[in-house]
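These notes concern the structure reproduced below.
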Amino acid sequence: MSVRALLAFAAPTALALGAACGRGDQHSPADAPVARADGRGAAVAHPAGNATRYGRYGLGHPADARRVAALDTDVDTTGAGLPPGRGAYTEGAAVYARKCAACHGARGEGVGRYPKLVQPARRFDRSPFGADPGVPKTVGNYWPYATTLYDYVHHAMPPTAPGSLTASETYALVAYLLAENGVVGRSAVMDATTLPAVRMPARGRFVLDDRRGGPEVR
Amino acid sequence: MTHRDEPPETDGPAMGDAGFAVDSAARAPHAAPRNAADGASPLVTRRALLAGAASAVGSAAVARWSVLAAQGAGEAGSAPTTPPAVPADASRVPGLPSAALGTRSPFERPALAPVGVTSGSSLTPLQALQGTITPSDLHFQRHHNGIAVIDPARYELLVHGLVERPTAFTLDDLRRFPAVTRVVCIECSGNGRGAFRSPRRDMTPQVVDGLTSNSEWTGVPVALVLAEAGVRPGASWVLAEGGDAAVMARSIPLEKMLDDALLVYAQNGEPLRMANGYPVRLLLPGYEGNMSVKWLRRLEVNARPTMTRNETAKYTDPLPGGKARLFSFVMDAKSVITAPAHPGRLSGPGWWPVTGLAWSGRGRITRVDVSADGGRHWAAAELSGPVLPAAHTRFQYMWRWDGRPARLMSRAVDETGYVQPTLAQFRTVRGRGTDYHFNYIRAWDVAADGQVFFAADE
């Protein structure tokens, strides 16, 4: 994934939109106390351009490490943010049965409008999503990063008590779901080291947005 | 109603009086999942809100008028009401006294639909609206686990990560920055999914495309807030995280954040509506609505995207051939006719305005064409103005209907030269199984008897 490529793509759009904001109006805080020519008080900074062009207003309050740690609970693709703890298939199956099966079905097959969770990747190749909206997109056939599964489940599941799963319960659930989807074996133990190393079957399926306006339809 | 932004993660049964309630926050932590909507103790109920509004009116009103006034108050909560008592000649009887809050005429009953949704969407009744601004209480809602209830006195936005000074901002702090006001539309990138996958003749503009709304937003540029914390070298992305029960989070390119992103605390002149992110949401003009994270509690400046669920498993667009488009942020140009449209009916031949909304995430709309013969001939519509970038633009075309069956279409063009594609073009480049960004041309059939139906036969 090339971040540079994305930013290069995004730049013209940003400029087009930003142009409407009146870039000519820029003032830094250093300018702000200066009364306007019409005598109606200080000029106002306007949004545009690079933040480094602005000074500071001195607003906000320092956030110490403890305050940051309390909220900084996301997990990225490198595994940064994964907490201590570990879990494997058997515990995961038990947690799943207790806290997930009521909505997602006994084996992750989905119930009613609750989404299917288990669909091994092989069907992906036979029936691309672009051709058939009926193919369920699941952990096994569509999710590109295993860390996303921990991040999402730990924050948002179960919906009746989001954030209530322990780290080890979450690792165990992740191990269970990855194994049911055929991504890892049932003996795999998930923790802060093993989870980011899991290579998802759909990892190579994503391409960066290539739309860029103009006459071409993409 | 089946039109949702995506298959819901959780059930979204009607919650009766709980209405827009936030029941999940009040539920015991280990309640059974299947009882998501049962036995809830909503922190706020519509009934409680109405009681307040009704008493404010009733105490001052003449008895026979209080019925009408209460109906007006009821309208604000979209409760069904009995027909209003109307004098034969309003100039011969004293009128109503004023009330604390203005209410709609009881003859006007626009409503979001479906309602009672905690994981899914409530759509804006586009066919009921004029001009370009969406009334705040009719702004579409897409929730991932209900509406977060946040005390503004305890609200904080944390800015950290690759910054010199991790900083927390209170709501008062954010309001001390120089404010910016901008009219911008927010469109969910799932808008139009139902019509694309399962079109039906009885779909209305609300059902087809009601996941777009247009507001005047006021807030502080993200660039100014990031400057307080001091962005460090190596930063490329910012994780924006909501404080709702889904902890909705998206990775935003730093470049967008420094360009025109806003932290908004006001909508159409007053604090944000609770369902639209009170007290603070992110606003990314031109980008898919999901990224304008509501109830924003944290901005983490990063070297790379986090790859959250909602930027990988969701909000990615499958393409023909098995690949899927990642980071498809910008909403391409699109237009929708809001009248004539189902369930409207033309009473007879003659002149009729064909009107609707057009917008582009890439800038201003430069032209909207209208066709009355299924796209064989096109004529330029009038852009009624204002014409603003990444905002709804009202278009209108006076059409002389000859009384024969007709197929109405609209086609938007934006300042980059992009032309809204036909359904056939869209299917070719995106595939029938694709998802999100359904911006192809819609069509409405006018029958000889004047009835109008969504063209679902293509």
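Just so it is clear, the values below take in all heavy atoms, side chains as well, and ignore hydrogens, waters and symmetry mates. Chain A is the first sequence line, chain B the second, and so forth, proteins listed ahead of strands; every chain is numbered from 1.
- Here B:Glu311 contributes atom CD and A:Tyr145 contributes atom OH; the two are 10.0 Å apart, rounded to the nearest 0.5 Å.
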Mind running side-chain contact (heavy atoms from CB on, under 4.5 Å) on A:Leu59 and B:Phe177 for me, showing each step along the way? CA-CA 8 Å; A:Leu59 297 173; B:Phe177 284 96; 3.7 Å; yes

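- At a threshold of 4.5 Å between non-hydrogen side-chain atoms, the residues B:Asp435 and A:Lys137 count as touching.
- Looking only at heavy-atom pairs under 4.5 Å with chain B, the residue among A:Ala80, A:Gly110, A:Pro215, A:Gly204 that has the most is A:Pro215.
- For A:Val139, no part lies under 4.5 angstrom from a heavy atom of chain B.
- A pairwise comparison of heavy atoms in B:Val419 and A:Val217 identifies O-CG2, 4.0 Å as the closest pair.
- Minimum interatomic distance between A:Val68 and B:Pro166 (heavy atoms only, all atoms of both residues): CG2-CB, 4.1 Å.
- Chosen from A:Ala65, A:Gly112, A:Gly58, A:Pro62, the residue pairing most often with chain B at heavy-atom distances under 4.5 Å is A:Gly58.
- Listed here is the closest heavy atom pair of B:Arg197 and A:Pro133: NE-CB, 3.4 Å.
- Both the backbone and the side chain of B:Leu319 come within less than 4.5 Å of a heavy atom of chain A.
- Remark: the backbone N or O of A:Pro144 is not paired with any side-chain donor or acceptor of B:Thr312 at under 3.5 angstrom.
- Summarising the geometry of B:Ala168 relative to A:Arg67, their closest heavy-atom pair is CB-NH2, 3.7 Å, with the distance given to 0.1 Å.
- In this structure, B:Lys323 NZ and A:Phe129 CZ are separated by 13.0 Å, a value rounded to the nearest 0.5 Å.
- Atoms CG and CZ, on A:Asp74 and B:Arg298 in that order, are 4.5 Å from each other to the nearest 0.5 Å.
- Put simply, the side chain of B:Arg304 reaches to within 4.5 Å of the side chain of A:Thr78, judged on heavy atoms.
- The shortest distance between side-chain heavy atoms of A:Thr73 and B:Val247 does not fall below 4.5 Å.
- Partners of A:Glu109 by side chain to side chain donor-acceptor pair (under 3.5 Å), not counting sequence neighbours: none found.
- Scanning both residues, A:Pro159 and B:Asn145, for their nearest heavy atoms gives O-ND2, 2.9 Å.
- Partner of B:Asp332 under the salt bridge (charged side-chain N to carboxylate O under 4.0 Å, His left out) criterion, out of A:Arg218, A:Arg211, A:Arg212: A:Arg211 alone.
- When heavy atoms are compared at a cutoff of 4.5 Å, A:Thr147 does not approach chain B at all.
- Contacts of B:Arg165 with chain A are made by side-chain atoms alone, with heavy-atom separations under 4.5 Å and no backbone atom involved.
- Proximity to chain A is limited to the side chain of B:Leu239, based on heavy atoms less than 4.5 angstrom apart.
- Surrounding CZ of A:Arg107 are at most 12 heavy atoms belonging to other residues, nucleotides or ligands under 6.0 Å away.
- With a threshold of 4.5 angstrom between heavy atoms, B:Gln420 does not approach chain A through any atom at all.
- Atoms CD and NE2, on B:Glu156 and A:His61 in that order, are 7.0 Å from each other to the nearest 0.5 Å.
- Closest heavy-atom contact between B:Ala246 and A:Ala156: O-CB, 3.8 Å.
- Heavy-atom neighbours of B:Arg176 CZ from other residues, nucleotides or ligands within 6.0 Å: at or below the threshold of 12.
- From A:Tyr57, atom OH reaches atom CG of B:Asp173 across 14.0 Å, with rounding to the nearest 0.5 Å.
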Chi angles and distances behind the salt bridge (charged side-chain N to carboxylate O under 4.0 Å, His left out) call for A:Asp151, B:Arg309: CA-CA 8 Å; A:Asp151 182 66; B:Arg309 174 203 187 242; over 6 Å; no

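- In this structure, chain B has heavy atoms under 4.5 Å from both the backbone and the side chain of A:Asp72.
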